[in-house]
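Here is the structure we will look at.
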Amino acid sequence: MNADESVHLEQLMFVDDPMETNEPRVHAAWLPPEAFRSLGARRVLVHGDGLLVDTVLYEVSRACARYGGRVWHSPSWDVDVDLVFALRGADELPSSAVRAARSAGELALAEVGDGPLGDEGFLLARDGDVTVVLADAPAGLLYGLFHVVRLCAAAFDPERPPERHRPALRRRMLDHWDNVAVHPVMGQVERGYAGGSIFWRDGRPRGDLARIREYGRLLAASGVNAISVNNVNVARTEALLLTDRLGDVAEIADVLRPYHIRVHLSVTFAAPVVLGGLSTADPLDEGVRAWWAATTRTVYDRIPDFGGYVVKADSEGQPGPFTYGRDHADGANMLAEALAPLGGVVHWRAFVYNHHQDWRDRSTDRARAAYDHFAPLDGRFRTNVVVQVKFGPVDFQTREPVSPVIAAMPATRIAVELQVTQEYTGQQRHVCHLGPWWSEVLRFAPWGPDGRAVADVAAGESGAGGGLVAVANVGDDLFWTGHPLAQANLYAFGRLAWDPRRDPTAVLDEWITLTFPPSATADPDLVRRTLHEIMDDSWRTYERYTAPLGVGFMVNPGDHYGPGVDGYEYTRWGTYHFADRDGVGVDRTRASGTGFTGQYPPYWAQVYESPETCPDELLLFFHHVPYGHVLHSGSTVIQHIYDTHFAGVEEVVAMRRRWRTLNGMIDPAVYERVAERLDEQVRCATEWRDQINTYFHRKSGVPDERGRDIY
């Protein structure tokens with residue numbers, strides 16, 4: 001070793017030993033140290049400068065320190081390497097091998113074509129014995145690093161063809177419904193099923209910055225690049241994050257910045273009154289506009305890469321522009337005006353409906369509400385307003401049609417909102433892998449089979465769309481998400497936001513490889529096969545033993561866990577099934593119902609209008625039909641209800657049996673937590689089956705043709 005090399009390697013050592021002080025302090029999530037074995041055993045050169053390049057260097061150095069590899073950062077001497085990470089605009093290096101690798105990468109990039117790599121894209125290519133990752137910007141190198149980790153040894157296959165990767169969606173964002181102060185009803189995290197918040201505790205910052213940094217690392221590895229750090233239902237303590245407690249938000253932003261995560265903040269529309277002492281929050285009032293402009297400048301002075309605001313207004317009791325006789329475009333544009341000079345956006349949620357509905361009134365339809373409020377405003381929103389639309393027209397039910405709002409506002413930036421936290425899909429006590437469901441939503445073509453897909457709307461023309469947003473499912477639980485297998489939903493969201501066309505089965509396979517690395521399991525083939533058998537169809541299994549045929553909301557009010565068939569049937573919330581002795585379902589047709597089908601473009605409006613053409617899985621969402629109505633499957637509605645609920649329980653019992661074959665194959669703590677949750681899933685699925693089947697047997701008077709026990 002020459003003297004120069006000795007000095008350089010010494011400079012790469014970290015004061016905090018990465019093998020002792022920076023390991024995750026929680027049980028298995030993707031990216032355990034073993035996932036970096038293939039990378040860490042190589043000779044790696046990192047070339048370029050900047051904060052994110054430093055992060056790449058840190059990750060590579062940590063892996064090499066553990067597994068015996070070597071790393072150089074832009075050396076001034078010739079080195080032999082296996083892997084090169086290089087910014088295309090960085091200076092040339094004296095290494096002939098590196099120059100050859102970069103030249104080969106440039107040639108491969110020209111061959112694969114299809115435009116520039118952009119701010120986040122990268123190229124992976126081979127040149128002889130060297131793998132090269134090229135990027136136009138540091139974020140591309142960061143994402144390229146995690147792609148190499150995903151590929152393991154395959155990244156170094158001499159026959160691997162060049163790959164060009166660039167995200168389809170510019171913004172890939174998680175909304176945390178975390179409260180700073182514990183809410184008397186919602187607790188520390190609204191709809192949180194993984195313990196407390198990773199950001200806040202009892203009215204103060206939690207203070208575990210290492211955990212937040214590790215979270216940013218996990219998000220970057222899946223492709224997420226933005227988060228909001230507090231609940232959209234903004235109470236008094238949370239409102240102060242915009243002003244008096246801005247430093248708490250800045251601290252989080254500082255920790256996440258090295259992993260290319262931009263921080264956003266949920267704000268109350270009434271902030272000028274609540275925080276500024278003004279007498280009004282009227283969006284057309286000049287004093288109000290000036291207050292938002294000044295406050296926003298202060299935010300950017302402290303957090304220069306701040307993402308923007310998230311707003312829930314005139315919804316479920318939250319204040320909004322309706323108070324002043326204004327509409328949502330007026331409210332959103334006021335905030336957009338304050339953010340525009342500083343590069344920020346406002347995410348304005350379209351979840352607006354009458355939550356004081358009279359259950360006797362069948363003309364008012366919650367499913368219609370978002371369209372009725374927002375579609376007439378298309379073209380009036382500023383370009384830095386993103387209207388954030390739930391994927392379905394009601395509320396994250398296990399089966400809903402795609403919201404018609406997504407197709408109704410071509411002159412507006414639309415973000416599609418999903419729910420990773422499993423509010424209506426088992427609350428992280430049930431295995432319910434959501435990737436296949438989201439894939440169906442993103443591939444759905446609102447204008448008909450030959451038209452653009454939901455993912456195309458989210459991407460927008462030239463990448464200018466609103467992107468994909470989801471409600472986060474992470475907490476301070478030892479396993480991050482409560483149920484260890486629920487981590488796969490968070491990973492799948494990021495990967496599908498990066499590439500909505502990606503096969504969700506392949507995404508799950510990535511997560512399995514990263515979470516249970518083959519070199520760390522006793523029988524990797526058995527682990528992989530078993531997890532696919534349990535998880536691949538688990539969303540449909542959950543659907544089978546819960547609410548049938550798209551009717552939704554047969555849950556206990558309040559906590560939304562477990563069966564409560566009539567729990568919402570006579571309430572103000574507008575979520576009904578209208579089951580009677582003759583049939584079940586909601587008539588949303590133009591001919592005789594609420595007219596909701598008419599909100600869709602002509603192709604789907606026609607399909608949904610008739611029970612004869614409506615897909616079985618959505619029949620009861622759109623139609624009230626007799627129990628003897630024959631589905632496309634050949635079964636009657638009532639027999640379908642019986643059969644699917646019995647089948648769903650059998651499938652959960654089989655999940656539990658399969659999981660037991662992994663005892664001794666994986667981390668015992670992970671095994672025991674999943675085993676415990678599967679016991680609860682069997683219990684709860686049985687309760688769902690018995691209550692749903694008994695309810696409809698008593699309503700219809702029709703016996704199960706197979707003579708099974710119904711109570």
Side-chain angles (χ1 to χ4, degrees), residues 27 187 191-195 396-399 419 421-434 437 473 475 477-479 481-489 530-531 533-548 551-568 577 640-663 666 668-698 704 706 708-711:
H27 274 282
R191 306 306 177 190
Y193 311 109
F396 299 132
Q397 296 303 290
T398 310
R399 179 75 73 168
Q419 191 176 43
T421 194
Q422 293 175 230
E423 179 179 359
Y424 296 102
T425 54
Q427 299 190 359
Q428 285 139 239
R429 284 177 267 185
H430 296 215
V431 178
C432 187
H433 180 49
L434 301 174
W437 178 31
N473 68 340
D477 181 82
L478 191 64
F479 298 90
T481 56
H483 198 310
L485 303 189
Q487 295 169 11
N489 289 328
T530 301
L531 286 169
E533 289 171 349
I534 290 171
M535 299 176 71
D536 280 345
D537 201 42
S538 56
W539 158 55
R540 293 181 180 86
T541 292
Y542 186 86
E543 180 183 25
R544 288 178 190 112
Y545 64 76
T546 54
V551 72
F553 263 103
M554 291 181 170
V555 293
N556 287 315
D559 68 2
H560 296 168
Y561 184 73
V565 189
D566 279 338
Y568 278 101
H577 57 69
H640 173 90
I641 291 172
Y642 297 154
D643 289 346
T644 54
H645 285 78
F646 279 108
V649 173
E650 291 169 3
E651 289 163 13
V652 175
V653 170
M655 285 180 186
R656 182 172 65 177
R657 184 173 62 251
R658 290 186 178 106
W659 181 255
R660 288 172 177 169
T661 66
L662 299 185
N663 193 3
I666 60 174
V670 174
Y671 174 82
E672 291 297 336
R673 175 65 70 89
V674 175
E676 164 206 319
R677 297 290 163 114
L678 283 168
D679 286 343
E680 165 58 16
Q681 188 169 357
V682 170
R683 184 208 65 78
C684 191
T686 302
E687 191 68 20
W688 270 102
R689 178 198 67 193
D690 291 345
Q691 286 202 29
I692 297 291
N693 283 348
T694 298
Y695 179 91
F696 283 105
H697 179 258
R698 292 177 181 179
D704 172 31
R706 300 187 183 184
R708 293 164 292 195
D709 287 339
I710 298 179
Y711 301 94

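Numbering starts at 1 and runs along the sequence shown. As the structure is a computational prediction, the values presented were derived from the model and not from experiment.
Partners of Asp704 under the side chain to side chain contact (heavy atoms under 4.5 Å, CB included) rule, at least two apart in sequence or in another chain, are Gln639, Tyr642, Asp643, Phe646, Arg706, Arg708, Ile710. With sequence neighbours left out, Arg657 forms a side chain to side chain contact (heavy atoms under 4.5 Å, CB included) with Val653, Ala654. For Tyr424, the ring-ring contact (aromatic ring centres under 6.0 Å, His included) partners are Phe553, His560, not counting sequence neighbours. Legend: residues meeting ring-ring contact (aromatic ring centres under 6.0 Å, His included) with Tyr561, ordered by chain and number and at least two apart, are His430. Under the rule for a ring-ring contact (aromatic ring centres under 6.0 Å, His included), the partners of Trp437 that lie at least two apart in sequence or sit in another chain are Phe391, Trp539. For Glu676, the side chain to side chain contact (heavy atoms under 4.5 Å, CB included) partners are Arg673, not counting sequence neighbours. Qualifying salt bridge (Lys or Arg N to Asp or Glu O under 4.0 Å) partners for Arg429, counting only residues two or more places apart in sequence or in other chains: none. Applying the salt bridge (Lys or Arg N to Asp or Glu O under 4.0 Å) rule to Glu533 yields the partners Arg658; only residues at least two apart in sequence or on another chain are considered. Under the side chain to side chain contact (heavy atoms under 4.5 Å, CB included) criterion, Ala194 pairs with Gln428, Asp477, not counting sequence neighbours. With sequence neighbours excluded, the residues that form a ring-ring contact (aromatic ring centres under 6.0 Å, His included) with Tyr695 are His577. For Glu650, the salt bridge (Lys or Arg N to Asp or Glu O under 4.0 Å) test picks out no residue, with sequence neighbours left out. With sequence neighbours excluded, the residues that form a salt bridge (Lys or Arg N to Asp or Glu O under 4.0 Å) with Arg544 are Asp537, Glu651.
Not a single donor-acceptor pair under 3.5 Å links the side chain of Tyr542 to the backbone N or O of Thr398. In this structure, the side chain of Thr421 does not engage the main chain of Gly192 through any donor-acceptor pair within 3.5 Å. At distances below 3.5 Å, at least one donor-acceptor pair connects side-chain atoms of Thr694 with backbone N or O atoms of Tyr711. Distance alone, capped at 3.5 Å, is enough to place a donor-acceptor pair between the Gln427 side chain and the Asp559 backbone. Under the 3.5 Å distance criterion, the side-chain polar atoms of Asn473 are left unmatched by any main-chain donor or acceptor of Asn489. Between the Gln681 side chain and the Val652 main chain, no donor and acceptor come within less than 3.5 Å of each other.
One finds no salt bridge joining Glu680 and Arg677 here, because no Lys/Arg side-chain nitrogen approaches an Asp/Glu carboxylate oxygen to under 4.0 Å.
Contact annotation: the side chain of Gln422 approaches that of Leu434 to within less than 4.5 Å [non-hydrogen atoms, C-beta and beyond]. Using a 4.5 Å heavy-atom cutoff, the side chains of Leu485 and His433 are not in contact. Trp688 has its side chain within reach of Met554: a pair of non-hydrogen atoms, C-beta onward, lies under 4.5 Å apart. Considering only heavy atoms from C-beta on, Thr546 stays 4.5 Å or farther from Val555 through its side chain.
Listed here is the closest heavy atom pair of Asn556 and Pro563: OD1-O, 3.1 Å. Here the closest non-hydrogen pair linking Val682 and Thr686 is O-OG1, 2.7 Å. Here the closest heavy-atom approach between residue Cys684 and residue Gly562 is recorded as SG-CA, 4.2 Å. Nearest heavy-atom pair, Phe479 versus Ala669, reported as atom, atom and distance to 0.1 Å: CZ-O, 3.5 Å. Among all heavy-atom pairs drawn from Val551 and Ala547, the shortest one is CG1-CB, 4.0 Å.
One distance of note links CG of Leu531 with CD1 of Ile666; it measures 7.0 Å at 0.5 Å rounding. The CD1 atom of Ile534 lies 7.0 Å from the OG1 atom of Thr661; values are rounded to the nearest 0.5 Å.
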